[in-house]
Amino acid sequence: MLNSPRKIIHLDADCFFAALEIRENPDLADFPLAVGGDPGRRGVISTCNYLARQYGVHSAMPSAHAKRLCPELVIRSSNFPLYKQVSAQMFEIFTRFSEKIEPLSLDEAFLDVSDCQQFHGSATLIAREIRRQVETELGITVSAGVAPIKFLAKIASDWSKPNGLFTVTPDKVTEFVKDLPLQKLPGVGKVTREKLAREGLLYCRDLESYSEHELVQRFGRFGANLKRMSVGIDEREVKSSRERKSLSIETTFARDISSPGEIADQIDQLVVGLEERYNKLQRKVAVSKKFVKLKFDDFTQTTLESSVSRCGKIFSSQEFERMCYAAWARQKRPLRLLGVGLSFAERSHPQAQLSFPFAN
Ligand code: TTP
Ligand code: MG
């Protein structure tokens, strides 16, 4: 029996660092904006918003050159703790839909949602929902590509960037691939592209008349990959990099809180959310500890954890509240963030595919 096609989503946040700088300072939205080093100190651009891209500014360009192309360019220095924090939050959103998550960078991942039951298993609707949750919860946009194979999902997410969603359904793969420029294929860099072009090979369809053997003779082992990709074959699995060690949920308040009543309300809500997420895990993992995380108004942070006994109630709000007050007593300052979480017993399920990349 033939396996049914896989459902792979590639997600990539739009101008990630720049989008976060705009989120933190919305007045910047109307300016060409880059994140990077100081032009006077031989700094380099990490990324820029789409307005700045219209002037030809791009990643890895010396900031001084970027300023010459676009004199009104605003350049902000980077804020990695923020980027990492939002990246962890974004990956946590991904975990609501699949355990098979392959992180590629802080703002980019493959998800295999073949086993996801939500939205009747429609990968396009799942991708739309992920995009919606990221935008409403984190205030940035992420583009998504959906396809039955990895390299096409990645190309598809780029296809309608920024803030786009593009799907290549299994029945459209062959047609879609034919018109793809060869330089879009992973592994085809400048040198291979030029070599292909010298032979008049520009699009995937141009390889139709070549056998795998001929391509291997011309391009070495990569020729076999070229042939397979040019007809829409890519068997690579979505590989989650690490086993999940914990699950957590946190919230940053619009206004700092300090009264016990407010803290209790927040804990109640967080614990409900944590339980929902735990129930969505496709492989149940044994919980070894629960923890709370508090960030005070001076940005200092503290965590407190407690072992979970075999018969202990995991999702008891009272227990989380007790832990929270004990942790709060260490500083007794207004709180700007509160989180609750679970640590999983190590190696209890060595086959578990879960990962929670970039989490603190
Ligand atoms: P990318 O996803 O490549 O770029 P981007 O998110 O800024 O823009 P796009 O909309 O095209 O996806 O990289 C993610 C972040 O990684 C980016 O915001 C900044 C950082 N980065 C660097 O610091 N240096 C680099 O050369 C690149 C390419 C990215
Ligand atoms: Mg990106």
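Just so we're clear, the structure is a prediction, and the values are computed from it rather than from any experiment. As the structure lists them, so they are numbered: ligands from 1, and atoms in each ligand from 1.
Between the choices Asp14, Thr47, Leu106, the shortest heavy-atom distance to atom 17 (C) of ligand 1 belongs to Thr47. Closest to atom 16 (O) of ligand 1 by heavy atom, among Phe17, Phe16, Tyr83, Phe80, is Phe17. Closest heavy-atom approach to atom 29 (C) of ligand 1 within the set Ala13, Pro162, Ser46: this belongs to Ser46.
Using modelled atom types, one finds no donor on one side chain facing an acceptor on the other under 3.5 Å when comparing Asp12 with Ser143. Under the 3.5 Å distance criterion, with hydrogens and angles disregarded, a donor-acceptor pair is assigned to the side chains of Glu72 and Tyr55. In this model, a donor atom of one side chain and an acceptor atom of the other lie less than 3.5 Å apart for Thr302 and Arg330.
The closest approach between any non-hydrogen atom of Arg53 and ligand 1 is below 4.0 Å. The shortest separation from a heavy atom of Tyr50 to ligand 1 is under 4.0 Å, placing the residue in contact.
Those atoms of ligand 1 that come under 4.0 Å of a heavy atom in Asp12, given as number and element, are 2 (O), 12 (O). Distances below 4.0 Å separate heavy atoms of Cys15 from the following atoms of ligand 1: 5 (P), 6 (O), 7 (O), 8 (O), 9 (P), 10 (O).
Residues Leu338 and Val292 fail the side-chain proximity criterion, which asks for heavy atoms closer than 4.5 Å.
The closest donor-acceptor contact from the side chain of Ser246 to the backbone of Ser343 lies at 3.5 Å or more, if one exists at all. Remark: side-chain polar atoms of Arg76 are not paired, donor with acceptor, to backbone N or O of Val35 under 3.5 angstrom.
Expressed to the nearest 10°, the angle at the Mg ion (ligand 2) joining OD2 in Asp107 with OD1 in Asp12 is 90°.
Phe320 carries Lys290 over the face of its six-membered ring, with the cationic atom under 6.0 Å from the centre and within 45° of the normal. A cation-pi arrangement is not found for Arg255 relative to Phe253, the charged atom failing to lie both closer than 6.0 Å to the ring centre and inside a 45° cone about the ring normal.
Counting backbone and side-chain atoms alike, Ala13 contributes an N/O/S atom closer than 2.8 Å to the Mg ion (ligand 2).
Nearest protein heavy-atom neighbour of atom 13 (O) of ligand 1: Asp107 OD1, 4.0 Å.
The shortest N/O to N/O separation between Ser59 and ligand 1 does not fall below 3.5 Å.
Neither the backbone nor the side chain of Glu108 comes within contact range of ligand 1; no heavy atom lies under 4.0 Å.
Using cut-offs of 30° and 60° on the angle between ring planes, the pair Phe80 and Phe17 is perpendicular.
For atom 3 (O) of ligand 1, no protein heavy-atom neighbour is found at a distance under 4.0 Å.
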